[in-house]
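Because the structure is predicted, anything quoted here is derived from the model rather than measured.
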Amino acid sequence: MAEMESQDVGEPMSLGEGTKSSVRPADRHGLLKHSREFLDFFWDIAKPEQETRLEATEKLLEYLRTRPVGSEMKYALKRLITGLGVGRETARPCYSLALAQLLQSFEDIPLCSILQQIQEKHDLQKVKKAMMRPALFANLFGVLALFQSGRLVKDSEALMKSVKLLQALAQHYNHLQEQPQKALVDILSEVPEATLQEVLPKVLKADLNSVLGSPEHLELFLLAQQKVPTKLEKLMGSVNLFSDENIPRLVTVLKMAATSVKKERKLPAVALDLLRLALQEDKFPRFWKEVVEQGLLKKQFWPASYLCFRLLGAALPLLSKEQLQLVMRGDVIRHYGEHMVTAKFPNQFKFAPEMNEYVGTFLEGCRDDPERQLAVVVAFTSVTNQGLPVVPTFWRVVRSLNASALKGYVAWLRDMFLQPDLDSLVDFSTSNQKKAQDASLHGPERAVYRLRKWIILRMVSIVDSLHLEKEEALIEEVARFCFFHSFFEKKKPTSQIPETEQQFSFPMEGRAREVVSNAFFSLLQTLSTQFRQAPEQTQDRQPWTYRLVQFADMLLNHSRNVAPLAPFTTQQRQAWDRMLQTLKELEARSSEAKATAFQHLLLLVGIHLFKSPTESCDLLGDIQTCIKKGLGEKTRRTRSKATNPQEPPWVEVLVEILLALLAQPSHLIRQVARSVFSHICSHLTPRALQLILDVLNPEQSQDEDDNVVVTDDSEKQLEDEEDKTSDSEDNKNSESEEESNEEESDEEDRDGDVDPGFREQLMAVLQAGKALGGVDNEDDEEEVGDEAMMALDQNLASLFAEQKLRIQARRDEKNKIQKEKALRRDFQIRVLDLIEVLVTKQPENPLVLDLLEPLLNIIRRSMRTSSTKQEQDLLHKTARIFTHHLCRSRHYCHDVGNCVETLYTQVERLVQQASHQADSSISLYYFNASLYLLRVLKGNTADSSICKTQKKEKAGTDTSTKPKGPKVAQATSCLDLSLVTPVYSSALSSFLTKRNSPLTIPMFLSLFSRHPVLCKSLLPVVVQHVTGQVRPRHQAQACLLLQKTLPIRELRLCFEDPEWEQLVGQILAKVTENLRALGEAQTKSEHLKERSSLELLNALFRIINHEKLTVDLTCIRSVLQSQQPNLQQRVQQGEHSTGSSRLYDLYWQAMKILGVQRPKSEKKDAKEVPSATQNPISMKRKKKGFLPETKKRKKRKSEGTTQEENAKPTSISGDQPPSTGKKRKKRMKAKVAAQAQVNGTPAARSLAIKSPDPEPPAANPSTPAKTPKLQKKNRKLSQVNGDTFVSPTEPAGEKQHQKELPKKGVSGKSPHSALPQKKARLSLASKSPSLLQTGAKKKKAQMRKERKS
């Protein structure tokens, strides 16, 4: 990119500098003074990111403000002018904008000089042909920069020169097209009238043909007509653009303008100016009829049609009410409606969002004029396709209506619903609908039904978007209207009921009433949920449902004026009266939450009495009985049990009622059921819970017929299908595709449904017709005549017709089963709401424990058959309830009672089921359920003082009291480890021995972290499987499990110090046995075993160092040292490069803790081997896609160390005293490491570890441990340095110190072994050097005393 920029900028500079040879050396010399930061501004200005460009421009201006006079300003202008003509088209506007900002900030720069520099730099007369296009754009963008600075309209001289330049640029239409003319119009629209009068004769020809030749010339003419009409009249005389001769030219010009903005999708300015001129001259009707509707609209050109639509939207604020009527009932709005109906495909352009913006802007701008608002909204609603309005029922622009306009709109909708005026609608039919021969599609009855259906949904949608406290009367009007026309009809008008005074011009059909009924319950849901939080919504703070019930009671009492569509029987009327009486009783106790919930349930079922009277009547009686018992249970509990021992509890009855209500697909019922159940779940009985679980039990719900019948809105589907039949005529392509797919599926069904019975029948028919005779038998062919062939054809036709009917019947049965299954799943999802309420509201209820296995059964079954959306939703919701609300809940059951043995059995069953699952994800749910039961058992205690004991145990720090806490908790808790340990022990053994076990390591880690006492009992099982006759993969899992388990703090508290040390020793012995075969792995599982063993070994080393355990590491050290050649050979050969390198790193991590430093030459050789053995050809063929070694990032530490070694390769002797400075310390580190590698001695040693030398000298064959004094000194040093895994040992001072150390109990070492220890101490003390130096001085002094003694 830098090269391209330098070429683009450099070449034009050489052209412009040729005229001024005297300035060139000075500028060249001045460039050297410019900073890199200043030059980078120009690079950032040309970048495509807008934020980067703006930031660079601001920084450039700030930089130049500090240096307004100097070479920087000259260079900036020169660079920006040069950038106007760069080869990259995206950079030109960036330089133009930066130049405009610069000229705007520094007004002392003359514009004429800048324009002259632009013309000299990009001279159109001298430029080469290849550079003509960049030079043209440079001049254009230069003029635009002058205009955007805001100073061009004030400078008449620069303005005239710019206009002249733009006129010259307009001659190059092939490159610039209409851009110079557009720029000229934009500039002249900003100039004062005096200047425009002076410029106008030079830019506008006195020829009407030229004016009507292009949109730019016409726009310039309209600009002059608006600003300087007198000057224009003197120049061109009186001009009538809307004459009969000029109208075709106007249409052509507007079509050209529509084509020019096809990609921008905006309204051309010339069209809006023409509209304003027509309004100014009172010629708008002529303009709209002849130019727009009969001109542009007849072109059958979509860009022209979109221009008409945009012109319609932009004209709304400019038109009067009469002009709006003209526009909204013409061909443009009808064509717009056809576009909305036909533009249904995703890849098709839709103008509706743009029109919504126009209408929304108009409604917002004329809030004070409700009449115009109402006229526009009614006009758009009146555009219908065979009675159905094209605007959606949820048209959001209605939110901008004034209160009076909204009230008038609802009144218009109501009147149109009652008395549809089809003649007042702008109705149309698409071309495909016109071709349809079915007369029923064109009748007025169908149009009236479609219109009424849309209107009732529109009225309900309006309520959804209203503010309740402001429009309460309007909401009540809509709700009463929907309820009355859903369930009642008038007999005689009365003033007490306004709905009875309304007349129908078309009779109300049954399907239309069904639509109104469904819309009413949708409205009821909105009123009950959206407006529930406003208690002052109604008078006397009554819910909307209660007000509607009162309205229904008033209608029932006016039997002479109103008649219900389904009259109540005596029993139903009695149930209704009892319900009203119960409501009054509940209203007296409205302060109680339970009474409010019961009131909502009673009101909801009471309203449904009009929709389904038989079912609702039975439910009302049961609900009232349950309400009385539920509210008076405390006082009459024993009496009710004594008097009616066989009567089911009221909770069970109410649960059955809620289940029956949930079978209906109503969101309102679902919410009310949740609310009621949340108040009664504390009284839930096992039998009531079993009723819910029976619905969720997949086995029973599939095999048995449930008492609850799941309903579906089949009428809605029929109505939608009928509407789709008319609308689908516009989509023939989609229909043909669907038909072809159906034919293919039919063929597949026919091929798949051929059964042996049909084959036998077909053979029998063919044999009866003698169609299966021999081919060579001519006598048989002659005997088969035409009549026989006709009979055979008829028999075959009837046979295949019967087979087709059987196939269709099987297909219908299959679809029916699938539909029932989907409905059943939806019903189960709704019933899960009750389970969720129980778990969240009553987590300490003992009945919650009975939910574990039913929920697990749902999860297990849904995971196996989660193919449909319902199955997936059921699975996700069940898993969420089980995981988040049950297992992870803070509260759980603390009153198990006599169910302890049952819980133990359940734990064993859950663990066994977890071990036998085929999928680990399912097994995880079962295992978590068992952990939840362990938590419940552990939380149920026999003594209340246990909590205090546990708190004391957690707060105590004495190691002697550590194991007492868990034992006390175990003795006082209901959790019996003797019963639980065998269960998990067998599961753990299965996990570590079974080939495909569904159990995983995180499951047992969760168990160990929550129950460390149980983990202590299970650790021997894990240790046992580290070695032995076990698969390598299981050994690796055992190592990994131990590695994650041993650092658990709670586990350490369960062990005494000797027990813990013994356990670590046992594990270390097992790991040592595994590592004897280190480097000999062949399979993937063996590699995994080696890596896991080394990771476990490092974890053990960390524990040993952290807790300062005394463990003999002689064996493990010798084993690791013996395996070093094998590992190094594998790494050099490149076998399993990733795994081997990781294994190699783990090996040297362990050796470092043991006191052996990793040789640095190993790393260097490993890096040099691939580069030395590979040539360029092999790299391309063998390692295609890999980075070469020269491009790879190297470690800084290793590079620095290597450089130091190369710079100073000389080695030092062991008797050199340590230095104190930082540089000397660094040099000492490198020299010590080099000397240690030469001698082959370890560089560090663990703190409290017995680590003898693998090759002891003859004078010291034994390996004594450290003395207690030396251990104490080293512990002090480790406390100073922090918790480190490699602790520093005694410093390497002089030879005499090293010779005397073995006499004080230190294990035998070579004379150079102290130098690496010095390095280790220095590296560990980098964070606190002062403290370390103090400790070193103390240690030296103490060692001198020992020498003297």
Chemist: Taking side chain as C-beta onward, heavy atoms only, is T384 less than 4.5 Å from V390?
Modeler: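 The answer is no, as the side chains (C-beta and beyond) never meet within the 4.5 Å cut-off.
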Chemist: Less than 4.5 Å apart, any side-chain heavy atom of H558 and any of Q496?
Modeler: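 SC-SC contact between H558 and Q496 confirmed.
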Chemist: So, S678 side chain and V837 main chain: donor-acceptor pair closer than 3.5 Å or not?
Modeler: no
Chemist: Taking the side chain as every heavy atom from C-beta outward, state whether V426 and I333 have any atom pair closer than 4.5 Å.
Modeler: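 Yes - at least one pair of side-chain heavy atoms lies under 4.5 Å apart.
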Chemist: So how far is it from L586 CG to Q599 CD, rounded to the nearest 0.5 Å?
Modeler: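 So the gap between those two atoms works out to 6.0 Å.
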Chemist: The criterion is side chain to side chain donor-acceptor pair (under 3.5 Å); which residues satisfy it with S522, sequence neighbours excluded?
Modeler: none
Chemist: Kindly say whether I829 contributes a backbone atom to a donor-acceptor pair with the side chain of K877 at under 3.5 angstrom?
Modeler: yes
Chemist: Donor-acceptor check, side chain of S382 to backbone of V378, threshold 3.5 angstrom: yes or no?
Modeler: yes
Chemist: Of all residues at least two apart in sequence or in a different chain, which pass the ring-ring contact (aromatic ring centres under 6.0 Å, His included) check with H679?
Modeler: none
Chemist: Counting only heavy atoms from other residues, nucleotides and ligands, does the tally under 6.0 Å from CZ of R880 exceed 12?
Modeler: yes
Chemist: Between the side chain of S517 and the main-chain N/O of R513, is any donor-acceptor distance below 3.5 Å?
Modeler: no
Chemist: Counting N and O atoms only, with roles assigned by atom type, does the side chain of Q870 sit under 3.5 Å from a partner on the main chain of A822, one being a donor and the other an acceptor?
Modeler: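 Between the backbone of A822 and the side chain of Q870 there is no qualifying donor-acceptor contact (under 3.5 Å).
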Chemist: Give a yes or no answer on whether the side chain of S675 reaches the backbone of Q671 with a donor-acceptor pair at less than 3.5 Å.
Modeler: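 It does not hold such a pair.
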Chemist: Between side-chain atoms of residues 400-410 and protein atoms elsewhere (two or more places apart, or another chain), which donor-acceptor pairs fall under 3.5 Å?
Modeler:
| from | atom 1 | to | atom 2 | distance (Å) |
| --- | --- | --- | --- | --- |
| S400 | OG | E364 | OE2 | 2.9 |
| N402 | ND2 | R367 | O | 3.2 |
| Y409 | OH | T381 | OG1 | 3.0 |

Chemist: Would you indicate whether the side-chain heavy atoms of V672 and L603 approach each other to under 4.5 Å?
Modeler: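 When only atoms from C-beta onward are counted, V672 and L603 do not touch, as no gap falls below 4.5 Å.
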Chemist: Under the salt bridge (charged side-chain N to carboxylate O under 4.0 Å, His left out) criterion, do K611 and E514 qualify, and how do the steps go?
Modeler: CA-CA 10 Å; K611 185 176 182 180; E514 186 67 25; 5.3 Å; no
Chemist: Which heavy atom in L523 sits nearest to a heavy atom in A479, and how many Å separate them?
Modeler: CD2-CA, 3.5 Å
Chemist: I'd like to know if the side chain of R446 pairs up with that of Q386 as donor and acceptor (distance under 3.5 Å, no hydrogens or angles considered).
Modeler: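 Result is yes, a qualifying pair exists.
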Chemist: Evaluate the side-chain contact (heavy atoms from CB on, under 4.5 Å) criterion for residues V391 and V383: first the C-alpha distance (whole Å), next the side-chain angles of each, then the deciding distance (0.1 Å), finally the verdict.
Modeler: CA-CA 8 Å; V391 294; V383 182; over 6 Å; no
Chemist: Are T868 and R825 side-chain neighbours, meaning at least one heavy-atom pair lies under 4.5 Å?
Modeler: no
Chemist: Taking atom types as modelled and ignoring hydrogens, do the side chains of D812 and Q808 form a donor-acceptor contact shorter than 3.5 angstrom?
Modeler: yes
Chemist: Would you please name every residue forming a side-chain contact (heavy atoms from CB on, under 4.5 Å) with E357, sequence neighbours left out?
Modeler: none
Chemist: How would you list, by chain and number, every residue that makes a ring-ring contact (aromatic ring centres under 6.0 Å, His included) with F394, sequence neighbours excluded?
Modeler: none
Chemist: With sequence neighbours left out, what residues match N561 under side chain to side chain donor-acceptor pair (under 3.5 Å)?
Modeler: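 Checked N561 against side chain to side chain donor-acceptor pair (under 3.5 Å); zero matches.
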Chemist: Checking F417 now: which residues fulfil ring-ring contact (aromatic ring centres under 6.0 Å, His included) with it, not counting sequence neighbours?
Modeler: F481
Chemist: What's the verdict on side-chain contact (heavy atoms from CB on, under 4.5 Å) for K821 and E871, showing C-alpha distance, side-chain angles and the deciding distance?
Modeler: CA-CA 10 Å; K821 186 177 180 180; E871 290 284 353; 3.8 Å; yes
Chemist: Can you check whether S559's main-chain N or O pairs, donor with acceptor, with K491's side chain at less than 3.5 Å?
Modeler: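 At least one qualifying donor-acceptor pair exists.
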Chemist: Is the shortest side-chain N to carboxylate O distance from E836 to R674 below 4.0 Å?
Modeler: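 Yes, charged N to carboxylate O under 4.0 Å.
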Chemist: In the structure I gave you, are the side-chain heavy atoms of L602 and Y546 within less than 4.5 Å of one another anywhere?
Modeler: no
Chemist: With rounding to the nearest 0.5 angstrom, report the CD1 to CG distance, I462 to L474.
Modeler: 7.5 Å
Chemist: According to ring-ring contact (aromatic ring centres under 6.0 Å, His included), does anything in residues 492-526 pair up with another residue at least two apart or in another chain? List the pairs.
Modeler: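 Checked against ring-ring contact (aromatic ring centres under 6.0 Å, His included) - neighbours excluded - the pairs reaching residues 492-526 are F483-F520, H485-F504, F521-H608.
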Chemist: Let's go through R670 and D833 carefully: what are the C-alpha distance in whole Å and the side-chain angles of both, what is the deciding distance for side-chain contact (heavy atoms from CB on, under 4.5 Å) to 0.1 Å, and is it a yes or a no?
Modeler: CA-CA 8 Å; R670 189 174 179 177; D833 291 347; 2.5 Å; yes
Chemist: State whether a side-chain donor-acceptor pair under 3.5 Å links Q581 with R578.
Modeler: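 No.
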Chemist: Please name all residues satisfying side-chain contact (heavy atoms from CB on, under 4.5 Å) with N557, sequence neighbours left out, ordered by chain then number.
Modeler: D553, R573
Chemist: Find the distance between CZ (F598) and CG (L583) and round it off to the nearest 0.5 Å.
Modeler: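 So the CZ of F598 and the CG of L583 are separated by 13.0 Å.
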Chemist: Please report the interatomic distance OG(S666) to CG(L604), rounded to the nearest 0.5 Å.
Modeler: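 Reported value, rounded in 0.5 Å steps: 6.5 Å.
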Chemist: I'd like to know whether F551 forms a ring-ring contact (aromatic ring centres under 6.0 Å, His included) with W544, so could you lay out the CA-CA distance, the side-chain angles of the two residues, the decisive distance to 0.1 Å, and finally the verdict.
Modeler: CA-CA 11 Å; F551 176 65; W544 282 97; over 10 Å; no
Chemist: Going by heavy atoms in the side chains, are T878 and S862 under 4.5 Å from each other?
Modeler: no
Chemist: Could you tell me if Q872 and H876 have a donor-acceptor pair between their side chains, going purely by distance under 3.5 Å?
Modeler: no
Chemist: Check this for me: does any side-chain nitrogen of one of E499 and R414 sit under 4.0 Å from a carboxylate oxygen of the other?
Modeler: no
Chemist: Go through the structure and list residues passing ring-ring contact (aromatic ring centres under 6.0 Å, His included) with F380, not counting sequence neighbours.
Modeler: W395
Chemist: So, using side chain to side chain donor-acceptor pair (under 3.5 Å) as the criterion, who are the partners of K869 when residues are at least two apart?
Modeler: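 Counting only residues at least two positions away or on another chain, K869 forms a side chain to side chain donor-acceptor pair (under 3.5 Å) with D873.
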Chemist: For K814, look at atom NZ and say whether over 12 heavy atoms of other residues, nucleotides or ligands are found less than 6.0 Å away.
Modeler: no
Chemist: Could you tell me which residues satisfy side-chain contact (heavy atoms from CB on, under 4.5 Å) with T569, sequence neighbours excluded, listed by chain and number?
Modeler: Q571, Q572
Chemist: Please step through side-chain contact (heavy atoms from CB on, under 4.5 Å) for the pair L413 and W454, ending with a clear verdict.
Modeler: CA-CA 10 Å; L413 290 174; W454 186 93; 4.1 Å; yes
Chemist: Answer whether the closest heavy-atom distance between the side chains of F677 and I692 falls below 4.5 Å.
Modeler: yes
